[in-house]
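What you see is a predicted model, and the numbers here were worked out from it, not measured in a lab. Residues take their numbers from the sequence shown, with the count starting at 1. No hydrogens, no waters, no symmetry mates; every other heavy atom, side chains included, goes into these values.
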Amino acid sequence: MNDIDAITPLKDVWLRPRRVFREMASRPIGVGDLALTSLQGIANFVLRSRLSMAETHATVQEVLVGSLLLGSLGGLLGTAFWAFVYNKIGTRLGAKSGFTPVFHVLSYGAVPWVAAFLLWAGIALVVGDAAFVSVPPAGTDSFVVVLLRAETIAMVLLFLWASLVQIMGLSEVFDFKLRKAFGVWASGQLIALLFVLLALNLAGAPR
């Protein structure tokens, strides 16, 4: 059995991300990448909807249907787009990588974030609609409130861990020092923020 066969990306990426991305660099984009990017998109869609359900008056069913249709597609297209952006930034800074290794970093690097979403989904099955709003409604059982707060903290921590894994992954595939890889990652996040602000501005612009 060789080293590539010994790697279990979903497990090893938590604590040995550099080895995972080093071994996966030569592999083509596979089903695992596509499944993880779809789950990322679903997770992001649900989170955004959770923060805005009170304003949009969306129902839980609408959020779930939208996440499966729009979220999964958005995850695939979004990851491909950001892999292109990060690869371009890295190339300009002297990296000799490629689109595919960066796509691996963005897909498998988000495993902790996907785990956070699956944790939320499990809690949602237990507590019901209260999991779909950012603030539990008045009268919610105290145990449910504590559970949801603990889940929120866990999601924040797992998101930060996913970010660290992706930074380490960019450091590996670009052969950059960690500080330089963080700069590449931060640049991509800044571009993403500008895109979001532009989209919100266009959405709120009078017709």
Side-chain angles (χ1 to χ4, degrees), residues 1-47 67-121 155 157-192 195:
M1 180 180 293
N2 57 38
D3 287 341
I4 294 180
D5 292 331
I7 283 290
T8 307
L10 292 177
K11 179 181 71 174
D12 293 334
V13 77
W14 289 82
L15 298 177
R16 297 189 292 176
R18 287 185 178 276
R19 182 185 175 191
V20 169
F21 296 124
R22 182 165 59 250
E23 299 292 353
M24 293 189 68
S26 60
R27 298 186 186 183
I29 294 171
V31 174
D33 296 278
L34 301 181
L36 286 169
T37 55
S38 294
L39 284 172
Q40 284 183 62
I42 292 171
N44 293 335
F45 187 97
V46 170
L47 178 61
S67 67
L68 292 174
L69 296 178
L70 300 177
S72 57
L73 180 61
L76 289 168
L77 297 179
T79 301
F81 174 75
W82 291 114
F84 174 81
V85 170
Y86 278 123
N87 187 50
K88 284 296 183 182
I89 295 173
T91 300
R92 286 184 176 275
L93 294 176
K96 295 181 180 179
S97 181
F99 174 85
T100 298
V102 179
F103 195 94
H104 288 318
V105 169
L106 297 183
S107 56
Y108 280 91
V111 164
W113 176 235
V114 172
F117 170 69
L118 295 177
L119 172 65
W120 169 87
M155 288 191 75
L157 293 176
L158 287 169
F159 172 77
L160 293 175
W161 188 254
S163 300
L164 177 59
V165 169
Q166 289 183 341
I167 292 168
M168 295 180 69
L170 292 175
S171 173
E172 179 63 35
V173 301
F174 288 151
D175 194 22
F176 287 168
K177 292 186 180 297
L178 198 60
R179 182 171 59 181
K180 189 173 182 180
F182 173 76
V184 174
W185 178 85
S187 298
Q189 296 300 305
L190 178 60
I191 294 172
F195 266 96

Measure from the side-chain N and O atoms of [X] to the backbone N and O of [Y], and report whether any donor-acceptor pair falls under 3.5 Å.
X: Trp161; Y: Trp14; result: yes
X: Ser171; Y: Ile167; result: no
X: Lys180; Y: Phe174; result: no

Between [X] and [Y], is any pair of side-chain heavy atoms under 4.5 Å apart?
X: Phe21; Y: Val165; answer: yes
X: Leu170; Y: Gln166; answer: no
X: Ile191; Y: Val85; answer: yes
X: Thr100; Y: Pro28; answer: no

[X] and [Y]: which non-hydrogen atoms are nearest, and at how many Å?
X: Glu172; Y: Arg18; result: OE1-NH1, 3.4 Å
X: Trp113; Y: Ala162; result: N-CB, 3.9 Å
X: Val102; Y: Ser97; result: CG2-OG, 4.2 Å

Aromatic plane relationship, Trp120 with Phe117 - under 30° parallel, 30 to 60° tilted, over 60° perpendicular: parallel

Rounded to the nearest 0.5 Å, what separates atom [atom1] in [X] from atom [atom2] in [Y]?
X: Asp175; Y: Lys96; atom1: CG; atom2: NZ; result: 10.5 Å
X: Trp185; Y: Met168; atom1: CH2; atom2: CE; result: 14.0 Å
X: Tyr86; Y: Gln189; atom1: OH; atom2: CD; result: 4.0 Å
X: Trp82; Y: Phe195; atom1: CH2; atom2: CZ; result: 5.5 Å

Phe81, CZ: over 12 other non-hydrogen atoms inside 6.0 angstrom: yes

Results of side-chain hydrogen bond (donor to acceptor under 3.5 Å, both in side chains) for Tyr108 - residues two or more places apart only: none

Any residue meeting side-chain hydrogen bond (donor to acceptor under 3.5 Å, both in side chains) with Asp12, in chain and number order, not counting sequence neighbours: Arg16

Partner of Pro112 under side chain to side chain contact (heavy atoms under 4.5 Å, CB included), chosen from Leu158, Leu160, Leu164: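 Option passing the side chain to side chain contact (heavy atoms under 4.5 Å, CB included) with Pro112: Leu158.
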
Show me the donor-acceptor pairs within less than 3.5 Å that the side chains of residues 32-40 make with the rest of the protein, sequence neighbours left out.
from: Asp33; atom 1: OD1; to: His104; atom 2: ND1; distance (Å): 2.8
from: Asp33; atom 1: OD1; to: Ser107; atom 2: OG; distance (Å): 2.7
from: Asp33; atom 1: OD2; to: Gly30; atom 2: N; distance (Å): 3.0
from: Asp33; atom 1: OD2; to: His104; atom 2: ND1; distance (Å): 3.4
from: Thr37; atom 1: OG1; to: Asp33; atom 2: O; distance (Å): 3.1
from: Thr37; atom 1: OG1; to: Leu34; atom 2: O; distance (Å): 2.8
from: Ser38; atom 1: OG; to: Leu34; atom 2: O; distance (Å): 3.0
from: Gln40; atom 1: NE2; to: Leu106; atom 2: O; distance (Å): 3.1

